Amino acid sequence: MDASEQAEALAEQTLGATQERLAALDELPTHEHVEVFDTLQRELSGVLGALGHNTRGTR
């Protein structure tokens, strides 16, 4: 699997996990949503950083 395929797989996996966690918000009290959003923001920023790092080497 090349870097582009790895990046695409990571993006798809991240998207699926993020959607599941956002869907689960309905089961949580509203005051707990902030923690979920903050965690997702950190994780998504990390993934985007990793994807950006991988694509810089292929340009």
Side-chain angles (χ1 to χ4, degrees):
M1 181 180 294
D2 69 12
S4 177
E5 292 170 331
Q6 289 176 340
E8 185 175 337
L10 176 60
E12 287 180 27
Q13 178 183 8
T14 302
L15 176 60
T18 299
Q19 289 173 326
E20 288 177 15
R21 290 169 71 186
L22 290 173
L25 287 175
D26 289 340
E27 300 171 15
L28 294 175
T30 304
H31 70 273
E32 292 182 20
H33 291 191
V34 173
E35 183 179 340
V36 173
F37 292 139
D38 286 344
T39 301
L40 284 172
Q41 191 276 330
R42 284 191 305 274
E43 292 173 1
L44 291 171
S45 292
V47 169
L48 288 172
L51 291 173
H53 179 74
N54 287 339
T55 58
R56 277 187 238 130
T58 60
R59 287 184 182 172

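The shown structure was predicted, so the numbers you read here are calculated from the model rather than taken from an experiment. All residue numbers in this chain count up from 1 along the given sequence.
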Q) Taking side chain as C-beta onward, heavy atoms only, is Gln19 less than 4.5 Å from Leu15? A) yes
Hey, could you give me the [atom1]/[atom2] distance between [X] and [Y], rounded to the nearest 0.5 Å?
| X | Y | atom1 | atom2 | answer |
| --- | --- | --- | --- | --- |
| His33 | His31 | NE2 | NE2 | 9.5 Å |
| Thr39 | Arg42 | OG1 | CZ | 4.5 Å |
| Glu43 | Thr14 | CD | OG1 | 8.5 Å |

Here the salt bridge (charged side-chain N to carboxylate O under 4.0 Å, His left out) pairs for residues 5-18, sequence neighbours left out, are none
Cluster membership besides Phe37, Ile/Leu/Val/Met/Phe/Trp/Tyr side chains within less than 4.5 angstrom, sorted by chain and number, is Leu22, Leu25, Leu28, Val36, Leu40
